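Worth saying up front: this structure is predicted, and the values here are computed from it rather than measured. By convention in this document, chain letters (A, B, ...) are assigned in the order of the sequence lines, proteins followed by strands, and residues within each chain are numbered from 1.
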Protein chains: 2
Amino acid sequence: MAASIIDVARRAEVSTATVSRALRGLPNVSEATRERVLRAAEELSYAVSPHASSLASGRTGTVGVILPFVNRWFYSQVVAGIDSVLRANDLDILLYNLGDERVHERFFARMPPRRRVDALIVLNLPLSATESESLVSLEVPIAVLGTRIPGCWHVSIDNAEGTSTAVRHLINLGHRRIGMISGALGDPRGFTTPIVRQHAYRTVLAQAGIPYDPDLEAPGNLTIDEGASAMAQLLSLPDPPTAVFAESDQMAFGALRTMGRMGLRAPDDVSVIGFDNHETAELLDLTTIAQPVAYQGELLAQQILDALSGSSEEPAQVVVPTRLVVRGTTGAARVARPRHPSSPRPGPEPDQHSRTTAR
Amino acid sequence: MAASIIDVARRAEVSTATVSRALRGLPNVSEATRERVLRAAEELSYAVSPHASSLASGRTGTVGVILPFVNRWFYSQVVAGIDSVLRANDLDILLYNLGDERVHERFFARMPPRRRVDALIVLNLPLSATESESLVSLEVPIAVLGTRIPGCWHVSIDNAEGTSTAVRHLINLGHRRIGMISGALGDPRGFTTPIVRQHAYRTVLAQAGIPYDPDLEAPGNLTIDEGASAMAQLLSLPDPPTAVFAESDQMAFGALRTMGRMGLRAPDDVSVIGFDNHETAELLDLTTIAQPVAYQGELLAQQILDALSGSSEEPAQVVVPTRLVVRGTTGAARVARPRHPSSPRPGPEPDQHSRTTAR
DNA sequence: TCCTTTCATGTAAACGATTGCATTACCTCC
DNA sequence: GGAGGTAATGCAATCGTTTACATGAAAGGA
């Protein structure tokens, strides 16, 4: 049986109250006593019971991280970022992986983190109003990535800006027929990121005076395979795009695969730009919009620490910048296209040629 | 203030003991009473306090998962597998990400999961004898992936077998000069997997009568970049390999990148085979040794469930099979090599031509 | 009818800390 | 020398369950 605080108290010849204070480094304990307690604890190899401690104090030393897919590159990176700063502050991570819809529902029906966590971090999950309220009703600080929950801390990238940059990059290269492979639009829960990006895509095209063509939007589901089929769909159009914006690198990889299998090359036949700057993007020489992934996790964790220490008054909100990374899969549109010799108008000034362009 | 079990007891006009029993579905509670309790709990939107419950019962409803790198593909997949089965049984996951050595040490110095978890799952972490004992002394069931801890449950692939298959595949294609890019040998903690694989590689070569050449072993560190440099190192040898076995797909990707930059192609110039069947392997048409990743996680979780239910007596140990997936980066050795026209002896019977060969 | 069982429920003692509120002892300063 | 302040410590209530044991009622058996 493990030693309890009473054993330590007895051995150090003080009360349990003093042991508790000494062990936690609280003031009003004489140096001599503190040492005696420390020694006693050491000798008994005593460790506080986290549950007893939580029960008595109300603190748990634990932060819940709620996300859709731990096994996707993006989320695992963010979790690593979160972990690095939380761990440094002796906070444990309780993981809730809600990708599966059943699991998602069950989670909100039972609310397992209730009274189990000091704070919550929510990654990119689309939540109904009721669900958001459930979380808020837990009355712990919440930091949210990507989405928005009233009264919570926020970290996100500027999706509209990132998308605009990507699409403008293509326009600047002279492309007029620009496809988009978008993600997760099918999920009934309604992830917001894809919606924002789709909207930005349409807006930029409109601003450039390019007519809207619904055929140029193909749904992927953020996976390589679905990106591949989406690309196949786009390329089978009577008037296929000369450039494609995939809203995740993974889908761009799929798109490149499809092209490869059809004997097409980027950027000669079709330009492709992704989003994320996935570690494999460099490998495949994919032009993309980079976002600092782990860093966003660190920010979220830092917000939680701030909230927990009560040092800051109001929930803050930070938007981290994205940047265009120009690599080899995007290039100038061919001036004269075989099928449509009618639209050879040159695009605006071309992009700089530096391989990596800060936005 | 949230409702406590006392409130529920009052409202249902029973004792707290009965409430506890009714809520947990224990026997010896009349149907009428149970319903009354359930209703009362519902009306007060009561939820048990996990800490109080843990303190009183000793159970925590939580499993600790200890791993080196959440943000690496392999581990995040395994975690997803673990999560899927644990979640289904209402067990929470406490994540311990010990990649950083400092974090690792601190972890074993403080043992945060002590009394916080009902069981532990350890992924591939190299542990000193003392560290293993620390874990064992927690007196909870432990399931281990990859490594071995006496008295614990085990899941692993047969690394020696997988490696042998890979190297034999190359030998069967007629290669004699076969390099290996190995991982994490530099880590002072001594991950065992790389050691086993390196040994198997040497053994197979010896069995085939191929003399040992230390220059053909280059250290990567399981990352793309280090795989790339390792390949650069191998290719700069006076007598470079005609085939390379990289012990992770990631490093194989790096190797391919290096080749690409040097204007070399696989398998024409050098054959490359990886290990894992990473999702990107198909994309890059990489021949590899596939292992079922998420599945191993599920197995680990299942072992924990078995242990927890006490249904099984002895810790079990399961070895899951790997299989050779032949894709486009491996091919027959050129019979006459420019530099060494002296070794044109044809290899043994070539591999089958099916793209995916069960082992 | 009386004695066992069996079932439903209640009582109260853990579980192992934290913390508000004394209490004590020792200074310091008129 | 007494009033008042401060630092160190102890007392005991509290956190919210679970569970061994006791109790009582109803049912079954001889």
Just by distance, no angles: are the side chains of A:Ser30 and A:Thr33 close enough, under 3.5 Å, to form a donor-acceptor pair? yes
Comparing nearest nucleotides in DNA chain D, the 5'-proximal residue of the pair A:Thr16, A:Arg36 is A:Arg36
Closest nucleotide among C:dT9, C:dA17, D:dT18 to the B:Thr33 side chain: C:dT9
May I have the distance from A:Arg115 (atom CZ) to D:dC15 (atom C1'), rounded to whole angstrom? 10 Å
Tell me, which pairs form a salt bridge (Lys or Arg N to Asp or Glu O under 4.0 Å) where one or both residues lie in residues 11-31 of chain A, sequence neighbours left out? A:Arg11-A:Glu43, A:Glu31-A:Arg34
At less than 4.0 Å, is any side-chain N or O atom of B:Ser30 found next to OP1 or OP2 of C:dC7? Yes or no. no
Checking B:Thr62 against B:Asp92: is there a side-chain donor and acceptor pair closer than 3.5 Å? no
Heavy atoms under 4.0 Å, any strand shown: does B:Ala47 hit a base, just sugar-phosphate, or nothing? sugar-phosphate
Is a donor-acceptor pair below 3.5 Å formed from side chain B:Arg21 to base C:dG10, judging by atom type as modelled? yes
Among C:dG16, C:dT18, D:dT17, the one nearest any side-chain atom of B:Tyr46 is D:dT17
B:Leu23 has an atom CG; how far is it from atom P of D:dT18, in whole Å? 8 Å
Checking D:dT19, C:dA17, C:dT19 against the side chain of A:Arg59 (C-beta onward), the nearest is C:dT19
